[in-house]
Every structure is written in structure tokens, then in C-alpha cells.
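For reference, the structure discussed in these notes is given below.
All values below were derived from every heavy atom in this structure, side-chain atoms included, with hydrogens, water molecules and symmetry-related copies excluded.
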Amino acid sequence: MQSLWIRTIVGLRDGYFVAGEIRRIWFVCAWVLCASVRPVAAADSGGPTIGDLKQLNVEDLMNLQVTSVARHPEKLIEAASAIQVITQEDIRRSGATSIPEALRLADNLQVAQKNSHDWAISARGFNTNLGNKLLVMIDGRTVYTPLYSGVFWDAQDYLLEDIDRIEVISGPGGALWGANAVNGVINIISKSAKDTQGLYAEGGGGSQPQEFGAVSYGGALGADTQFRVYAKYFDRGDEVLANGNPEPDAWRQGRVGFRVDSQATSRDRLTLQGDYYDGHENVQTGGTGDASGQNLLGRWTRTLSDESDLSLQSYIDQTHLADPFPSLTAGTLRLSPPGVLYDDLMTYDVDFQHRFPIGTLNRVVWGLAYRLTHDAVIAAPAVGFLPPVLRQNLFSAFVQDEIALRKDLSFTLGTKLEHNDYTGFEFEPSARLSWTLNSNQALWSAISRAVRTPSRIDHDLSEGSPPYFVILKGGADFTSEALLAYEVGYRAQLNSTLSTSVSTFYNQYDDVRSTSITPGTILPFFFANNLEGHTYGIEWSGDYQISETWSLHAGYTLLREHLRVKPGQFDLSGGRNETADPEHQFSIRSAITLPKHVELAAGLRWVDTLQTNSGPTPGSVPAYFELESRLAWHASDRLELSLVGQNLLHNHHPEYAFPDAARPEIERSVYGKVAWRY
């Protein structure tokens with residue numbers, strides 16, 4: 001099982017184009033933009049110059065507006081959740097070149113790079129090859145595959161310069177966001193087109209990535225309507241094996257997109273945006289994995305009052321994946337020839353939300369949503385899904401009421417009700433209590449239930465040489481995994497230079513995925529829900545503003561996991577195959593602005609030993625320290641030159657996967673970058 005999905009299935013076939021309605025709609029929108037452009041002079045571009053860029057101080061950080069906790073804007077210090085915010089300035093100073101690299105800046109995530117193009121990312125554990133308990137959104141669009149209820153990270157990208165912030169919640173979010181928001185929610189929010197007027201261009205390269213380039217242009221279609229178009233490309237070379245030989249996993253990808261924002265009336269805002277990507281990546285077993293995708297999203301928001309608004313959002317998302325599989329063998333016997341697994345997924349989604357007050361004590365938000373997925377798989381000789389074509393419907397409704405018990409104490413009660421085609425109705429309630437000690441300190445606690453609904457792997461997988469010889473198959477009776485979570489947290493701006501946040505949690509899991517044997521014949525193995533257990537831990541972060549030009553950030557997490565086989569049940573791995581997480585993580589980052597318009601940023605991280613069970617016996621990834629650094633010079637008000645070093649403490653080291661001769665290791669890398677704004 002793990003051998004089939006040890007890598008994320010993405011990449012691009014050069015010149016491959018998927019026909020469909022979304023492609024035609026996308027290009028019509030792009031054509032309308034180009035045809036309607038009103039030229040924007042440099043003097044009124046409105047875009048920030050490099051000289052305008054500065055760090056947020058402690059007070060600014062705590063007053064940041066976040067939306068992921070309550071589905072409406074609120075100050076970070078008031079959010080009753082373990083949430084961290086990665087700002088645009090954090091991303092820029094880090095030198096990150098991809099979304100997964102930027103997510104390393106969140107202390108409440110565990111991010112491990114598998115190879116040149118794949119990452120394992122999770123919150124609060126369960127960071128396996130088939131990690132499936134983290135909900136990820138980009139501008140309200142859920143980036144999710146029904147193949148395994150997870151995220152293909154190498155298919156998720158954006159021009160990082162145009163990202164406004166990334167909100168990262170560790171802990172369940174099912175009451176608002178639904179199934180699979182079990183251990184966390186990542187909400188990637190791009191800038192409004194109004195905030196990216198003018199031209200931005202960047203380019204560079206080095207040892208890794210070998211080369212990259214991007215351009216973004218923002219203009220106006222009218223007095224109240226702005227647009228942005230962008231394009232980017234990168235080429236990442238091979239990583240290495242433990243012996244220093246190249247690991248054939250080079251990765252190239254291109255992407256284009258647009259966004260239009262319009263203040264249609266004093267109360268109405270409209271957004272239309274879309275992306276298209278194409279590229280390819282080499283896979284270790286031989287061949288090239290291919291992927292392409294496109295999406296189109298529209299959103300209408302009406303402001304009814306300061307405390308009331310409603311929104312309607314809809315998107316179409318189409319992806320194409322092709323993954324080469326080697327032949328299936330048993331000793332010297334070849335059970336099936338090599339081949340390619342193809343997957344074409346079309347997602348249609350519509351979401352409505354309404355927020356309003358009831359008197360002075362109640363703030364209510366509720367909504368309805370519907371999602372249709374059409375997933376078509378062409379099997380490889382050794383793996384497939386039955387049925388090969390599956391059409392699924394997801395209906396949902398949620399309601400949440402924030403009740404002001406007194407001026408400094410609020411109680412939030414809410415739930416989401418969903419209906420899926422595998423398990424029927426799912427109920428995900430949550431209760432949160434928030435106590436504002438003063439304007440700079442807050443305590444919060446929560447009790448929540450969340451579920452991870454079955455994926456196609458859990459239910460429909462057929463691995464081996466079907467139909468005659470099947471090694472592993474999905475479980476026809478596989479049900480949802482369930483979580484009951486208890487959380488307590490504290491967040492404070494202790495003074496004008498120091499802030500801190502700490503959260504603790506205790507999670508109880510039931511019906512976790514297991515691998516069972518067929519009575520009498522042993523084979524095929526099949527997926528069941530024979531595991532249960534609990535996890536607990538602590539997450540801490542702090543910011544210290546040493547001076548106006550120098551800041552420090554530190555973070556630490558403790559995670560302990562205890563999964564077991566239910567009494568009288570069976571699991572092939574004894575309950576070890578669903579976790580691959582370090583017990584401790586620590587990081588510290590420094591950012592300083594030096595004289596002569598020079599910036600220096602550095603980040604040191606320590607990751608504890610990671611136990612991995614994707615091989616024939618338990619294995620581990622050794623604990624390691626790693627260092628990233630970025631030196632930048634603002635050559636002029638518009639021009640920035642930077643030099644970035646990543647993984648500087650080792651020639652190469654592993655971050656994930658079972659310890660064998662084929663395990664990829666991540667190399668030290670250095671690259672240069674030029675960024676220009678006009």
C-alpha cells in the first residue's frame with residue numbers, strides 16, 4: 001500500500017491539454033481582461049515599493065484580522081483557537097519558493113520534504129504517506145482529492161508575492177469547514193487585485209531551484225474594478241540518495257492565473273479568479289508523472305451592516321494526474337507488467353453564508369453548501385479503483401452562534417451537518433469559551449467533534465493483479481474516523497515588544513484506519529476501522545521585538561501519540577502505520593534590517609527523531625538541526641537582490657521515508673533572486 005502512494009501523484013506532461021468547459025471559460029475570461037485593460041501609469045500603480053516593506057511589530061501582529069476561526073473577521077488575539085498567521089513579510093524574508101516551504105514558518109505544523117517535489121504536512125500528528133486529516137483551502141477553494149482525502153502538495157502553488165497571508169489552525173475545524181478538518185485547517189488567502197497594481201517581476205536560480213521566474217501585472221478595468229494576471233515557472237533538479245548519487249526526481253512546472261475584484265456598489269463586492277498549471281516530474285521507479293489542472297472561482301459578497309453580511313461562492317476545479325507504476329513482482333515471479341494510473345477529477349462547488357446579529361448578545365453565522373465530484377480512473381496493471389468512475393454528492397449545512405455572556409466572556413456553539421454517499425449523515429459539533437482578561441490577553445477552551453470521511457483508497461482500492469490476484473483492497477464497510485478533541489489556550493501581548501501564544505490539547509480517536517486479513521485465505525488484505533487511541537501535546541510560540549529593525553520568533557511543539565488495536569480486532573502493523581511524527585520540534589527565526597538598505601534573516605529548526613513504518617519493519621529518520629538564511633539588498637526603491645541558503649548544516653539529509661538505499665535526501669541549496677516592482 002505505502003509503496004504505491006509514497007509520493008504525491010503530480011507533475012506535468014509537456015504539451016498535454018485537457019478539453020473541457022472550464023478551459024473555454026477560463027480563456028474567455030482572460031481574453032476579456034486583456035481586451036478591457038486601462039493602462040496604469042507607474043506613478044499611480046498603487047503597488048508597494050521595496051522601500052515601503054517593513055516588519056509587523058508585536059502590536060500589529062496581534063491586531064491582524066483573521067477569518068478562519070469564526071468565518072468572519074476578528075483580531076488574532078481574540079480568536080478562540082490555536083491559530084498562527086504567516087504574513088506576506090514572513091514569506092518574503094524567509095526566501096521560500098513554494099507554499100510547502102512557506103508552511104515551515106508555522107510552528108504548529110510538521111513539514112517534511114520527501115524529495116524534490118513531494119512533502120508530508122500535518123498538524124498534531126498522523127503525518128503518513130496518506131496523510132488525510134488536514135483541510136487546505138486557497139481563496140475559499142478546497143484543494144482536496146477524493147483518492148485519499150488529502151492534498152497533492154506539488155499541485156498547489158501560487159505566486160508567493162501575491163499571497164496576503166496564510167492562516168494555520170491546529171485542531172479540529174469540522175463545525176465550520178466540514179469533514180477532513182480533523183487535525184487542522186490551512187487557509188491560503190491571496191491579495192485583492194486592488195492591492196497589487198503595477199508590475200512585479202522576479203527571476204533567479206542556483207543549485208535548487210535551478211531556475212525560476214515570475215511576472216504579475218495589475219491594472220484597472222474601471223474606477224471600481226481592478227485585475228491582476230500572473231505567470232510563473234520553475235525547474236527543480238534531482239535530489240540525492242544517501243550515497244550521494246542523484247535521485248531521479250527532477251520537477252518542472254508552469255502556471256498562469258488571473259483575479260478580478262470589483263466594488264460593484266457601495267455594498268457589493270465581486271471576485272472572479274482562475275488558475276491553470278502544467279508541468280512534469282520524474283519518479284524514482286522510472287518514468288514521468290504528469291499533471292495539469294485548472295480552476296475558476298466566483299464570489300459575491302454583500303455588506304448589510306457592520307455586523308451583517310452574506311456571500312455566495314462557486315467554483316469549478318479540474319485536475320488530470322498520470323502516475324507510472326512499476327511491475328508487481330513476488331520474488332522472481334512477475335505478477336503484472338508496468339503501467340500508468342490515470343485520474344481525472346472534476347469538482348463543482350457552491351457555498352452560501354449569512355452572518356447577522358440577534359440583539360446585542362448573539363452573533364450568528366450559518367450557511368449551506370453542495371459539492372459534486374466526478375472522478376474517473378484508468379487503472380494501471382497493478383492498481384485500480386472499483387468502480388473506475390464515481391460520481392459523488394456532498395450536501396452540508398452549518399450554524400454557529402457566538403453568545404456574549406458578559407463583556408469579557410463569550411460562548412460559541414456551532415455544528416456542521418453533512419451528507420456523503422459513503423456513510424450518510426455526519427454530525428460535527430463544537431463548543432468554545434473565550435475569556436478576554438484585558439485588551440492584550442485572552443484565554444480560550446474548546447470541545448469539538450470532527451470526522452474524516454472515507455476516501456476512494458479506503459473504500460474502492462484494488463491493488464495486485466486484478467481480478468485474478470488482489471493483494472489489498474478497500475473495505476466495503478469502511479466508516480468515518482472520529483475525533484473528540486479537548487483544547488485550552490492562552491494568547492497575550494505582554495508588552496509593546498513581547499507576545500506569546502500557548503495551546504494544549506488532548507485528542508481521542510476512534511475507528512482509525514487499519515489493515516485486516518481475509519479469514520481463511522489471508523489475502524487480500526483490506527481496510528477496516530480497527531484502531532483507536534489518543535494524542536496529547538503542547539504548542540508554543542513567541543515574538544520579541546528587540547528593536548525597531550530587529551525581531552525574533554521562536555516556536556516549540558510536543559506531540560505524543562498512542563494508537564492501539566481495538567480489543568478482539570486485528571491490524572497488520574499493530575497500529576503503527578497511521579503515524580510518522582516527531583515528538584518534539586523547535587525553531588527560532590531572526591529578521592534584522594541593517595544599514596545601507598540590507599536585510600538579513602535566518603531560521604534554525606530542530607526536528608526530533610521521526611518514526612516511520614512504511615517498510616517491512618519499523619524505521620526512523622534521525623533527529624536533525626537545519627538552517628536557512630537570506631541576505632537581501634534594496635539596490636533601489638524598486639529593485640531587490642537576494643541570496644538564499646537552505647539546509648545549510650548538511651550536504652544532504654533525510655526528512656522522511658523508510659531508511660533504505662532508495663530513500664531520497666534533501667541537499668544543501670543556494671540560489672540568487674532579483675525582484676523588481678514598477
Side-chain angles (χ1 to χ4, degrees), residues 56-87 90 106-108 123 164-173 175-177 181 184-187 189 303 305-309 353 355-366 398-414 430-448 485-505 539-543 545 553 555:
L56 293 174
N57 60 37
V58 168
E59 185 176 0
D60 292 336
L61 182 62
M62 283 298 178
N63 287 324
L64 276 177
Q65 296 285 309
V66 296
T67 59
S68 303
V69 176
R71 289 188 73 144
H72 64 76
E74 59 182 342
K75 291 181 179 179
L76 174 62
I77 197 169
E78 299 172 351
S81 178
I83 182 172
Q84 296 191 21
V85 179
I86 303 170
T87 67
D90 292 333
D107 306 309
N108 54 350
D164 180 67
R165 66 189 186 276
I166 303 175
E167 299 178 5
V168 179
I169 296 174
S170 49
L176 290 178
W177 303 109
V185 177
I186 296 175
N187 192 4
I189 302 168
T303 301
S305 70
D306 291 341
E307 295 288 330
S308 179
D309 53 50
Q353 175 182 309
R355 179 174 67 103
F356 62 94
I358 299 178
T360 59
L361 301 181
N362 298 74
R363 292 192 298 176
V364 177
V365 58
W366 70 278
F398 80 91
V399 62
Q400 177 174 279
D401 185 10
E402 184 178 338
I403 307 164
L405 301 179
R406 61 189 197 195
K407 186 176 181 180
D408 60 349
L409 188 66
S410 66
F411 177 65
T412 302
L413 185 65
S430 175
R432 296 181 180 270
L433 189 66
S434 178
W435 180 21
T436 303
L437 304 177
N438 54 50
S439 60
N440 297 321
Q441 297 184 76
L443 278 169
W444 61 271
S445 62
I447 302 176
S448 310
Y486 305 86
E487 301 175 274
V488 176
Y490 170 74
R491 185 177 290 112
Q493 179 186 326
L494 301 176
N495 55 45
S496 61
T497 63
L498 183 63
S499 68
T500 188
S501 175
V502 62
S503 60
T504 63
F505 63 92
E539 298 162 343
W540 171 83
S541 66
D543 290 275
Q545 193 79 32
H553 174 92

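- Residues Asn362 and Glu402 form no side-chain contact, since every pair of their non-hydrogen atoms from C-beta on lies 4.5 Å or further apart.
- In this structure, Glu167 contributes its side chain and Thr67 its backbone to a donor-acceptor pair below 3.5 Å.
- With contacts defined as side-chain heavy-atom distances shorter than 4.5 Å, the pair Gln353/Leu176 does not qualify.
- Contact record, Arg355 with Asp306: NH2-O, 3.9 Å, taken as the closest heavy-atom pair.
- The heavy-atom pair separating Gly184 from Ala123 by the smallest distance is CA-CB, 4.4 Å.
- No donor-acceptor distance shorter than 3.5 angstrom exists from the side chain of Thr303 to the backbone of Ser308, with no hydrogens or angles considered.
- Nearest approach of Gly171 to Glu487, heavy atoms of both residues: CA-OE2, 3.8 Å.
- Rounding to the nearest 0.5 angstrom, the gap separating the CZ atom in Arg406 from the OG1 atom in Thr436 is 10.0 Å.
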For a side-chain contact (heavy atoms from CB on, under 4.5 Å) check, start with the C-alpha distance between Arg165 and Leu64, then their side-chain angles and the critical distance, and finish with the verdict. CA-CA 10 Å; Arg165 66 189 186 276; Leu64 276 177; 5.7 Å; no
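- From Glu74, atom CD reaches atom CD1 of Ile83 across 7.5 Å, with rounding to the nearest 0.5 Å.
- Closest heavy-atom contact between Ala82 and Asn108: O-ND2, 3.5 Å.
- Atom CH2 in Trp435 sits 8.5 Å away from atom CG in Leu409 (nearest 0.5 Å).
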Verify side-chain contact (heavy atoms from CB on, under 4.5 Å) between Ser410 and Arg432, making sure each step is shown before the conclusion. CA-CA 8 Å; Ser410 66; Arg432 296 181 180 270; over 6 Å; no
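- For the residue pair Ala70 and Val365, the shortest heavy atom distance occurs at O-CG1, 4.0 Å.
- Note that OG1 of Thr412 is 7.5 Å distant from CD1 of Ile403, once rounded to the nearest 0.5 Å.
- The CG atom of Leu61 lies 9.5 Å from the CD atom of Gln84; values are rounded to the nearest 0.5 Å.
- Between the side chains of His72 and Asp309, not a single donor N or O lies within less than 3.5 Å of an accepting N or O.
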Verdict with reasoning, Phe398 to Trp177, per side-chain contact (heavy atoms from CB on, under 4.5 Å): CA-CA 9 Å; Phe398 80 91; Trp177 303 109; over 6 Å; no
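- For the residue pair Gly173 and Val185, the shortest heavy atom distance occurs at CA-CG2, 4.3 Å.
- For Asn440, the side chain to side chain donor-acceptor pair (under 3.5 Å) test picks out no residue, with sequence neighbours left out.
- The only member of Leu405, Ile447, Leu413, Val488 that meets side-chain contact (heavy atoms from CB on, under 4.5 Å) when paired with Leu433 is Leu405.
- The side chain to side chain donor-acceptor pair (under 3.5 Å) search around Ser501 returns none, not counting sequence neighbours.
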Residues Asp107, His553; criterion side-chain contact (heavy atoms from CB on, under 4.5 Å); working and verdict: CA-CA 10 Å; Asp107 306 309; His553 174 92; 2.6 Å; yes
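- Using a 4.5 Å cut-off on side-chain heavy atoms (C-beta onward), Arg491 and Gln441 make no contact.
- Within a 6.0 Å radius of CG in Asn438, more than 12 heavy atoms belonging to other residues, nucleotides or ligands are found.
- Taken from CE in Met62 to CD in Glu78, the straight-line distance is 11.5 Å, to the nearest 0.5 Å.
- Within a 6.0 Å sphere centred on CH2 of Trp540, heavy atoms belonging to other residues, nucleotides or ligands number more than 12.
- Side-chain contact check for Arg71 and Gln400: no donor-acceptor pair (N or O, by modelled atom type) lies under 3.5 Å.
- Side chains of Ser81 and Trp444: no donor on one and acceptor on the other come within 3.5 Å.
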